[in-house]
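Inspection log for the structure reproduced underneath, given as structure tokens.
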Amino acid sequence: LLGIEEATMLAAPDAVHRGWLLDSADKLPAPVNEKPVKKDATPQTFNDCELIGAIDAPALKKSTPVHGTFQLTWDTVKDATHEIQEATRADFSDAATIFLGAGSSLTIHGRGAGDYFYRARTFLNGQQSAWSKGIVVRVAGIAGFSEVAEKDFSDTHLFAIHDAMITMAAARGDLVTLLSLPSHYDSARAIAHTATLASKFDPNILSYAALWHPWLIGRDEEGGPLRTIPPDGATAGVMAKRANARGAWVAPANEVLHGVIALEPAIGANARQSLQDAGVNLIRHEPTGFVCLDSDTLSIDADVRALNVRRLLILVRRAALRAGNDYAFEPNGPSLHNTIKRGFEALLSTLFLRGAFAGRTARSAYQVVTDDTVNTRQTQDLGRVIAELRIAPSRPLSFLTIRLVQRGDAALVQEVR
């Protein structure tokens, strides 16, 4: 990840699965092989006895499927041609030829979960063998696995992964990590998880991490079956969409999640405040759809608790590093200091006009300091130049309760805090 400079978000949805155990394999269905014709039977159709059965049928073998890919092999002789048929029914009533040619093996790729039946025959010198004994290949899918039971789940690996993600994001300084929890975590376990992370990291480091819960049940935009997925992927999409449309400093909250029809697990309204206090961004069902009304990091520091504030600081940091390259190798003195000041003021002015900063005027929204209060003689003697960018991030409005009271023939509007 260190080498992917353009990355701004990090998520690991696989980390919150409880794990999977392979089901005990059911007995494979037996292919229905062709019945040999009895010597004394009167056939309904006649075949040229000179062309059939004069050569042996090949022995068909299979390898163990790996992610839907496996290999069929058979014995062969010089100048022989082989036909391989595949079917999804044991009686080969839907068989289709998938190979016709020379060789002794065939690799089959990308088969979905299910049972597949195969048979082969050989053509040589104008003769053909009978069909080989059929074989069946079972490709295991999600239906072939069971999720680890809740009582057997261990959060050791989950904490280790979240620890590494938070450490990476804070070490880079220009990345936020999006966390989620296993689907069976109720409000108590979610709060306990964030408390454990809070006990290990400094609040400033935790401002590089945000956590969402619960899981989403829905379909993708193209339709398909219902799926239950962690929320961090959808959250990353919401953040990217809003950043592209309005800017990274806009809080990624109150955005309807399309295709979602339910949540797992259900979180009661009585747990919402405690989850918010713990830094869990709770996805909930509102009249407009399924939305998340919070966009907080795990930090308790009010200055950087809001996720959009951390994202704004990251944006300014990236812009400052990029602009700072233009001033490398310039003579260090007042002229350079003034040039840097004007350059960064132009940068911050653009962000201010787009609503990134609080304050009614530019002076109250941001400041660029490059004078001798930061660039002392000692600093210049060390070959260093310092520019301090002081900004007042724009924060999302809190939800205020507006009470409309009707009294007789008059209405009174009250703001309740």
Side-chain angles (χ1 to χ4, degrees), residues 9 11 13 16 176 178-191 193-194 210-298 305-311 355 394-407 410-417:
M9 294 178 283
V16 296
V176 292
L178 315 181
L179 309 179
S180 57
L181 297 170
S183 60
H184 66 282
Y185 270 37
D186 56 14
S187 57
R189 295 192 71 171
I191 293 171
H193 187 88
T194 59
L211 186 146
W212 284 263
H213 197 58
W215 284 33
L216 314 176
I217 301 176
R219 293 184 174 91
D220 57 29
E221 295 182 357
E222 289 75 26
L226 289 174
R227 297 189 301 164
T228 304
I229 60 174
D232 40 7
T235 299
V238 168
M239 291 174 60
K241 177 183 177 181
R242 183 158 287 191
N244 286 335
R246 300 177 58 190
W249 53 85
V250 180
N254 201 28
E255 183 85 17
V256 176
L257 302 175
H258 298 289
V260 179
I261 63 171
L263 301 172
E264 182 183 339
I267 304 293
N270 59 336
R272 290 176 180 174
Q273 187 61 53
S274 57
L275 287 168
Q276 184 178 19
D277 294 341
V280 178
N281 296 312
L282 183 66
I283 298 172
R284 42 198 276 191
H285 191 187
E286 294 294 311
T288 56
F290 291 88
V291 298
C292 184
L293 299 181
D294 301 317
S295 59
D296 290 334
T297 66
L298 294 176
R305 181 180 175 91
L307 178 59
N308 62 296
V309 171
R310 171 51 64 194
R311 294 259 291 163
S394 178
R395 299 177 182 274
L397 291 174
S398 300
F399 281 89
L400 303 178
T401 302
I402 307 298
R403 182 176 297 159
L404 178 62
V405 182
Q406 184 74 29
R407 291 182 180 175
L412 176 67
V413 178
Q414 297 175 329
E415 181 178 304
V416 181
R417 294 183 179 273

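Since this is a predicted model, take the numbers as computed values, not measurements.
- Atom OG of residue Ser180 and atom CG of residue Leu216 lie 9.5 Å apart, to the nearest 0.5 angstrom.
- A distance of 7.5 Å separates CG in Asn270 from OG in Ser187, rounded to the nearest 0.5 Å.
- Here the options are Asp186, Leu263, Val280, Thr228, the test is side-chain contact (heavy atoms from CB on, under 4.5 Å), and the partner is Pro214; only Leu263 passes.
- Around CZ of Arg189, the count of heavy atoms belonging to other residues, nucleotides or ligands within 6.0 Å exceeds 12.
- Side-chain contact between Leu211 and Thr194: present, with at least one pair of heavy atoms (C-beta onward) separated by less than 4.5 Å.
- When every heavy atom of Ile267 is checked against every heavy atom of Ala271, the shortest pair comes out as CG2-CB, 4.1 Å.
- Contact record, Trp212 with Asp294: NE1-O, 4.4 Å, taken as the closest heavy-atom pair.
- Side-chain atoms of Trp215 come within 3.5 Å of backbone atoms of Leu181 as a donor-acceptor pair (strictly under, hydrogens ignored).
- Atom NE2 of His213 is separated from atom NE2 of His193 by 10.5 Å, given to the nearest 0.5 angstrom.
- In this structure, Arg284 contributes its side chain and Leu293 its backbone to no donor-acceptor pair below 3.5 Å.
- Side-chain contact between Pro252 and Arg311: absent, with no pair of heavy atoms (C-beta onward) separated by less than 4.5 Å.
- What you find for Ser394 and Val309 is that their closest heavy atoms are O-CG2, 4.5 Å.
- Among pairs with a residue in residues 269-292, those fulfilling ring pair (Phe, Tyr, Trp, His ring centres under 6.0 Å) read His285-Phe290, at least two apart in sequence or across chains.
- Under the salt bridge (charged side-chain N to carboxylate O under 4.0 Å, His left out) criterion, no residue pair touches residues 262-273, with sequence neighbours excluded.
- In this structure, Arg242 contributes its side chain and Ala253 its backbone to a donor-acceptor pair below 3.5 Å.
- For the pair Ile283 and Val291, the minimum side-chain heavy-atom distance is 4.5 Å or more.
- Judged by distance alone, with hydrogens and angles left aside, the side-chain atoms of Asn308 form a donor-acceptor pair with the main-chain N or O of Trp249 at under 3.5 Å.
- Between Arg227 and Ile217 there is no side-chain heavy-atom pair separated by less than 4.5 Å.
- A donor-acceptor distance shorter than 3.5 angstrom exists from the side chain of Thr297 to the backbone of Arg305, with no hydrogens or angles considered.
- Annotation: the span from Leu298 atom CG to Leu179 atom CG amounts to 6.0 Å, rounded to 0.5 Å.
- Judged by distance alone, with hydrogens and angles left aside, the side-chain atoms of Asn281 form a donor-acceptor pair with the main-chain N or O of Asp296 at under 3.5 Å.
- Taking SG from Cys292 and CD from Glu255, the interatomic distance works out to 11.5 Å, rounded to the nearest 0.5 Å.
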